[in-house]
Q: 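Dropping the structure in here first, questions after.
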Number of protein chains: 2
Amino acid sequence: MSVTIYDVAKKAGVSIATVSRVLNKSSAVSDRTRRQVEEAIKELNYAPNFIASALTKKSTLTLGLLIPDITNPFFSELARGVEDASNDFGFNIIICNTDYSLEKEATYISLLKQKSVDGFIISTAYYNDKNIIELLKDNVPLVLLGRDIDCSEEYPMDAVVSDNIKGGYIATKHLIDLGHEKIACLLGPAKIKVNLEREKGYLKAMKEAKLKVYKEILTHGDFKLEFGYKEALRIFKGSIRPTAFVTGNDLTALGVMRALKTIGLSVPRDVSVVGYDNIILAEMSDPPLTTVNQQMQKMGYLATELLIKRIKGERNAGKKVVLDINLVVRKSTSKVPSTN
Amino acid sequence: MSVTIYDVAKKAGVSIATVSRVLNKSSAVSDRTRRQVEEAIKELNYAPNFIASALTKKSTLTLGLLIPDITNPFFSELARGVEDASNDFGFNIIICNTDYSLEKEATYISLLKQKSVDGFIISTAYYNDKNIIELLKDNVPLVLLGRDIDCSEEYPMDAVVSDNIKGGYIATKHLIDLGHEKIACLLGPAKIKVNLEREKGYLKAMKEAKLKVYKEILTHGDFKLEFGYKEALRIFKGSIRPTAFVTGNDLTALGVMRALKTIGLSVPRDVSVVGYDNIILAEMSDPPLTTVNQQMQKMGYLATELLIKRIKGERNAGKKVVLDINLVVRKSTSKVPSTN
DNA sequence: TTGAAAGCGCTAACAG
DNA sequence: CTGTTAGCGCTTTCAA
């Protein structure tokens, strides 16, 4: 029905092989025939069918992006970086929301393999994610984005992350410098490596300052607002009353602030709160959130660039890129209230 | 390299046609051979190559989604609905960010056509979008999402939108009921039909209440926070001082609120603000935003369902779905301040 | 520099 | 119910 390489060949009076050559610049074609072919292409408004070429070339110029949930601003920022890079390098991305489910992740992976994507960008990995290991075994090009897993020794792997230990550290240190001593720490799932690293940073800062760590106020949950909300309420019913919170992401921090408001505490006068990520919400909340800034779009872009180079055979796997992070101080943190 | 239908056929001792038959349940196969084939498939861990089947079946089970920017929460909500429906019906989506550029839109469209997507879901359309008309002419399955264009007479087209006239109306009416008379209206681009419709709703409410419409405070810009910010500042430098704002989306409303804060006005005590969309930001802002609630994920889901039915030939084009909307009253609106 | 022809992995008549 | 075979549209040897 639509115009094919045969139509072009006929019109240009050459063979389809020649048309293919000018299309792919794969081998020399005389100027004259090239021009003929190009003209035919233009006249017929011909565009090669990628499916057909994918079948022989084994390249679809399509990447799979696995994220938990695109409506989470952290992931939509990552996705934007990924899509921008894809576009810049002539690729497209298929987006998949896994909702933190390993089964969904596995299902998507096998589907995308059937669709012959050239590689995967994965932001859903648990620290020991079986699906990833499987992919690695099969030598499928992939890069982890904002996540890392524990197996780098066995298989070389690419990952683009930010410095989460530092992130946990500077968030905590900031509060310590403001005089806080009882600092609660509400992190995301312990199954996700970044949270373990942020916890390390938190512990490091606490230890350096010789502050006591209370396990009642150091917990792992998820990345949702409700977690921060409920956990803060729970904590304030207990005996350890923190004057500050370090959190796993901005949504959790917003949840904490909401809980605080509920029980009549003011941020930052009574309690200080530090977020993580610096999503757009962070600067619009009341009060605007002091938070650890991750360069999300940049991470997405770099990860995709790495992957594409890997696919093109321009490099081997095994590179870990750690982006720097920094603290953005806004209005949700202040000096510890005097307890006289 | 990987296992093909030939390997399965050989192992099961049948022809590839038979394997294909059990794969696609396309015609009857005896129970016995079916079982043999299924066993071979399992043993070889075979998964059909979608690229190959796409070449013959002319179906990729892949949809193209065109949105301006996935980091905009409105579009990420739509995208989530689209992806959920796609997944439920066995499709995948390729996401493209057009940044409101018709050129980018056109480039993506032709690329995706080459990749043989089965259809398009488009949230980027201007009211007279040439790219869309082109697609329509070529009889490419597509559905407009949250957008509409002016050509329904020539070509039948599907669209899922919400009732924007009503949206503009109830937002304005709410303010009028609170006693406001000078109501500013800051809408998105006039090139996008929804904004014209919301304007209609605004004008209708104003007219009903016999209120004067000042063109100085009824403007079109874009959907960004900066627009609301700058426009609000501009307006308060002028002679018409509104006591309330109706806006084109929540981001614009947040921009307005920020501007108001800058010039020392309090929301809602001095000025009331109504947003549009009800993105997650709306309930987290200070004060929480009264806004027109659109069912974004539902819109995305329905649009995708429509498209897939169209692709499967279960229905013809030409359906317009208009979802209802409602006003969510929060804390950014209150009675007009007395002017004594 | 060019063309003929053999696939890529699968589907879909057509025959039997 | 099953096998043979001719493509789908393109790339890529291999010869010429």
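Residue numbering restarts at 1 for every chain, and letters A, B, ... go by the order of the sequence lines. Owing to the predicted nature of the structure, the values given are computational and were not obtained by experimental measurement.
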Q: Please output the side-chain donor-acceptor pairs of residues 39-48 of chain B that fall under 3.5 Å, not counting sequence neighbours, one pair per line with the distance.
A:
| from | atom 1 | to | atom 2 | distance (Å) |
| --- | --- | --- | --- | --- |
| B:Glu43 | OE1 | B:Lys11 | NZ | 3.3 |

Q: Is there a side-chain contact between A:Ile70 and B:Ile70, using heavy atoms and a 4.5 Å cut-off?
A: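 They are in side-chain contact.
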Q: Below 4.5 Å, heavy atoms only, C-beta onward: do A:Thr304 and A:Leu63 meet side chain to side chain?
A: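 A side-chain contact exists here, since the closest heavy-atom pair is under 4.5 Å.
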Q: Can you check whether B:Asn49 has a side-chain N or O nearer than 4.0 Å to OP1 or OP2 of C:dC8?
A: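 So the side chain of B:Asn49 is outside the cut-off, no N or O lying under 4.0 Å from OP1 or OP2 of C:dC8.
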Q: Please classify the nucleic acid contact of B:Val14 as base, sugar-phosphate, or nothing, using heavy-atom distances under 4.0 Å.
A: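 Answer is sugar-phosphate: B:Val14 comes under 4.0 Å of backbone atoms only.
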Q: Near DNA chain C, which residues from residues 25-38 of chain B have a heavy atom under 4.0 Å away?
A: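 When residues 25-38 of chain B is checked for heavy atoms under 4.0 Å from DNA chain C, there are no hits whatsoever.
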Q: Measure NZ/A:Lys58 against P/D:dC10 and give the value in whole Å, please.
A: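 It is 16 Å, rounded to the nearest whole Å.
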Q: Does any N or O in the side chain of A:Asp222 come within less than 3.5 Å of the main-chain N or O of A:Gly188, such that one atom is a donor and the other an acceptor?
A: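 Here the side-chain-to-backbone pair does not exist.
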Q: Rounded to whole Å, please give me the gap between CD1 in B:Ile5 and P in D:dG3.
A: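 Roughly 12 Å, once rounded to whole Å.
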Q: Among residues at least two apart in sequence or on other chains, which ones pass salt bridge (charged side-chain N to carboxylate O under 4.0 Å, His left out) with B:Asp31?
A: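 Residues passing salt bridge (charged side-chain N to carboxylate O under 4.0 Å, His left out) with B:Asp31: B:Arg34, B:Arg35.
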Q: Under a 4.0 Å threshold between the charged nitrogen and the carboxylate oxygen, would B:Asp158 count as salt-bridged to B:Lys319?
A: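 Between B:Asp158 and B:Lys319 there is no salt bridge, as every charged N stays at least 4.0 Å from the carboxylate O atoms.
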Q: Using the test side chain to side chain contact (heavy atoms under 4.5 Å, CB included), find all partners of B:Lys57 that sit at least two apart in sequence or belong to another chain.
A: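 By the side chain to side chain contact (heavy atoms under 4.5 Å, CB included) rule, B:Lys57 matches B:Asn24, B:Ser53.
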Q: Taking only distance into account, with no hydrogens and no angle test, what donor-acceptor pairs under 3.5 Å do side-chain atoms of residues 117-124 of chain A form with protein atoms, sequence neighbours excluded?
A:
| from | atom 1 | to | atom 2 | distance (Å) |
| --- | --- | --- | --- | --- |
| A:Asp118 | OD1 | A:Thr60 | N | 3.0 |
| A:Asp118 | OD1 | A:Thr60 | OG1 | 3.3 |
| A:Asp118 | OD2 | A:Ser59 | OG | 3.4 |
| A:Asp118 | OD2 | A:Thr60 | N | 3.3 |
| A:Asp118 | OD2 | A:Leu61 | N | 2.7 |
| A:Ser123 | OG | A:Leu145 | O | 3.1 |
| A:Thr124 | OG1 | A:Glu105 | OE1 | 2.5 |

Q: Under 3.5 Å, which N/O atoms of the protein pair with N/O atoms of nucleotides 4-6 of chain C?
A:
none

Q: Expressed as a whole number of angstroms, how long is the span from A:Leu55:CG to C:dC10:C1'?
A: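 Distance check: A:Leu55 CG to C:dC10 C1' gives 8 Å.
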Q: Tell me whether the OP1 or OP2 atom of D:dT11 has a side-chain N or O from A:Ser20 closer than 4.0 Å.
A: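 Yes.
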Q: Is there a side-chain contact between A:Thr18 and the phosphate of C:dG3, meaning an N or O under 4.0 Å from OP1 or OP2?
A: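 Yes, because at least one side-chain N or O of A:Thr18 sits under 4.0 Å from OP1 or OP2 of C:dG3.
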Q: Without decimals, in angstroms, what is the distance between A:Lys10 NZ and D:dC10 P?
A: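 Taking atom P of D:dC10 as the reference, NZ of A:Lys10 is at 14 Å.
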Q: A side-chain contact here means heavy atoms from C-beta on lying under 4.5 Å apart; do B:Ile311 and B:Leu307 qualify?
A: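 Yes; the side chains approach each other to less than 4.5 Å.
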